[in-house]
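Here is the structure we will look at.
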2 protein chains.
Amino acid sequence: MADQPEKRGVTFREIKSDLLERIAAGEWAADGIVPGEVELAAEYGCARATVNRALRDLAEDGVVERKRRAGTRILAQPVRKARFDIPISRTEIEATGARYRYALVDRAIVEAPGWLRARLALDRGARVLHLTCMHYGDGAPFQFEDRWINLSALPKAESQNFEAQGPNEWLVETVPYSDAEIAFSAIGASPDVAEHLSCDPNTPLFRIERTTWWQDVAITHVALMFRPGHRMTTRY
Amino acid sequence: MADQPEKRGVTFREIKSDLLERIAAGEWAADGIVPGEVELAAEYGCARATVNRALRDLAEDGVVERKRRAGTRILAQPVRKARFDIPISRTEIEATGARYRYALVDRAIVEAPGWLRARLALDRGARVLHLTCMHYGDGAPFQFEDRWINLSALPKAESQNFEAQGPNEWLVETVPYSDAEIAFSAIGASPDVAEHLSCDPNTPLFRIERTTWWQDVAITHVALMFRPGHRMTTRY
DNA sequence: ATTGCCTTTATGTCTAAGCATAATGGTGAT
DNA sequence: ATCACCATTATGCTTAGACATAAAGGCAAT
């Protein structure tokens with residue numbers, strides 16, 4: 001049923017898509033366990049590493065689940081995994097061909113409010129830099145940024161005025177590769193945000209919140225509110 | 001600078017995180033090109049395949065970009081890639097420990113409206129199945145589902161009444177592995193949706209829209225409106 | 001100057017073989 | 001019966017070597 005006796009080896013892509021078809025056809029639906037790598041390699045007439053690569057790919061796509069010794073199990077209800085690019089606002093705007101403009105709205109050094117202390121695991125009385133900024137595309141409001149930077153983790157931020165360059169870009173340059181937690185949600189525009197985005201208060205806005213760590217110490221927390229009607233899209 | 005002369009081989013994970021550190025430290029920031037695989041393999045004292053695995057992983061994470069012959073380039077403004085699990089509502093609700101309940105609100109076979117024809121590339125006068133459903137967690141409204149199914153692509157759907165099983169689960173069983181486009185946005189609750197989600201009209205709701213194809217023919221389009229305050233979270 | 005071809009080169013992938021590791025299931029002692 | 005330990009086994013990872021392929025850059029003919 002799956003026989004590719006090419007002289008040149010079978011590719012892991014071929015194996016992957018063949019396996020996908022066979023899974024979709026329900027070939028192993030019974031107990032949900034796929035034959036072992038050795039068996040599949042024999043069947044496809046290739047090395048085990050090639051089957052391994054195909055199965056590893058399928059596992060990354062969320063089609064199967066692999067556990068040592070237990071074998072490769074087909075997920076009954078595949079958890080499809082969508083991938084999103086998280087661009088910085090300049091890139092996102094310029095990708096549409098629009099002219100990007102940045103503006104600092106407000107800058108203040110304050111004691112971290114309770115909700116932020118909890119979120120970033122800060123000490124009582126920790127000082128944070130609070131920035132609010134606007135990002136425009138072709139002059140029209142695109143995104144409102146409400147950012148908090150942990151000054152004890154990133155004292156350099158205190159000497160930045162963020163008038164010319166947005167904190168997002170500065171942070172990407174300064175702390176480029178960090179861990180992050182990201183959350184998507186909807187929120188009504190507060191009067192202040194509504195003003196900046198030129199919309200009515202309580203207009204539903206798409207919001208991204210992101211908390212960023214570097215080696216387990218919290219660096220920054222940001223809420224990004226997009227102009228009304230913004231859609232974030234991907235294919236998978 | 002990077003010297004792991006262990007007797008047992010260096011792992012690709014070690015190489016990956018070491019490379020990340022070196023990239024973050026700006027070691028090759030100048031022209032943005034990382035040494036070739038052979039060179040790195042010599043430096044780490046491991047096989048090229050191991051370096052390859054590490055670099056491939058970094059490329060998948062959006063840290064570097066790899067091109068044949070051209071080498072491995074560090075992305076100046078790394079497009080970080082977040083991965084989201086797209087669960088079906090039953091799974092999502094049961095994962096919180098809540099009791100799941102499904103209800104069909106409405107079912108009708110209609111001519112596809114213009115916006116849907118455009119989106120799914122349907123012929124004029126194409127018939128579609130329009131379903132609206134509710135998903136509850138511990139009796140409380142969780143998600144409102146507004147689904148359209150292309151009957152010419154999936155005639156089997158017509159004989160389903162969807163009273164006991166939601167269309168999402170049925171589709172996952174029936175057309176398991178398909179292509180999809182997904183979009184996140186915010187929208188105000190329509191009076192109808194507000195009623196079902198027990199909230200006020202115009203309450204900001206997080207919305208997921210998904211269009212699904214199987215072999216280039218559109219199967220279904222769905223809009224999922226979540227209860228107020230819903231957050232969709234991931235780490236990366 | 002432009003076009004087309006050819007060489008070089010770095011990544012992409014496959015093979016064959018081996019050791020590592022985690023989970024399972026059985027065995028034996030208490 | 002219970003629990004600690006050990007053997008088994010499927011996946012996870014590394015090695016060393018080879019061929020494939022795409023892209024860059026140079027060379028040559030137009």
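Numbers restart at 1 for each chain; the letters A, B, ... are given by sequence-line order, proteins then strands. Keep in mind that what you see is a predicted model, and the values were worked out from it rather than measured.
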| Nearest-Å distance, CD (B:Glu39) to C1' (C:dT11)? | 15 Å
| Under-4.0 Å side-chain N/O to phosphate OP1/OP2 contact, B:Thr72 with C:dT11 | yes
| query | Could you state the CG-P distance from A:Asn52 to C:dT15, rounded to the nearest angstrom? | reply | 12 Å
| task | Report the distance from atom CD of B:Glu65 to atom C1' of D:dA23, rounded to the nearest whole Å. | result | 13 Å
| query | When you measure from the side chain of A:Ala49, which nucleotide among C:dC14, C:dT11, C:dA16 comes out closest? | reply | C:dA16
| request: Starting from P on C:dG12, measure out to CG on B:Leu58 and report it in whole angstrom. | output: 12 Å
| message | In this structure, how many angstroms lie between the P atom of D:dA20 and the CZ atom of A:Phe12, rounded? | response | 17 Å
| field | B:Phe206 and A:Phe206 aromatic ring geometry - parallel, tilted or perpendicular at 30°/60° bounds | value | parallel
| said: Looking at A:Tyr136, I'd like to know if the NZ or CZ of A:Arg101 sits under 6.0 Å from its six-membered ring centre while staying within 45 degrees of the ring's axis. | reply: yes
| request: Output yes when at least one side-chain N/O atom of A:Thr50 is less than 4.0 Å from OP1 or OP2 of C:dT13, else no. | output: no
| Quick one: is B:Arg56 getting a side-chain N or O under 4.0 Å of the C:dT11 phosphate, OP1 or OP2? | no
| message | Here's a test of your reading of the structure: between A:Arg48 and B:Leu55, which maps to the more 5' nucleotide of DNA chain C? | response | B:Leu55
| request: Kindly write out the residues that satisfy side chain to side chain donor-acceptor pair (under 3.5 Å) with A:Glu37, not counting sequence neighbours, or none if the list is empty. | output: A:Arg48, A:Asn52, A:Arg66
All N/O pairs under 3.5 Å across the protein-nucleotides 25-27 of chain C interface:
none

| request: Round to a whole Å and report the spacing from NZ of A:Lys67 to P of D:dT8. | output: 22 Å
| Position toward the 5' end of DNA chain C (nearest nucleotide), B:Gly36 or A:Arg68 | B:Gly36
| query | In whole Å, what is the span from the CZ atom of B:Arg66 to the C1' atom of C:dT13? | reply | 12 Å
| Reckon B:Arg53 has a side-chain N or O less than 4.0 Å from the OP1 or OP2 of D:dC13? | yes
| field | Atom-to-atom span, CD of B:Glu37 to P of D:dG17 - whole angstrom | value | 16 Å
| message | Among residues at least two apart in sequence or on other chains, which ones pass side chain to side chain donor-acceptor pair (under 3.5 Å) with B:Glu65? | response | none
| field | Counterpart residues, salt bridge (Lys or Arg N to Asp or Glu O under 4.0 Å), relative to B:Asp179 (two or more places apart) | value | none
| said: Tell me every residue that passes side chain to side chain contact (heavy atoms under 4.5 Å, CB included) with A:Ala121, counting only those two or more places apart in sequence or in another chain. | reply: none
| What residues form a salt bridge (Lys or Arg N to Asp or Glu O under 4.0 Å) with B:Asp57, not counting sequence neighbours? | B:Lys16, B:Arg53
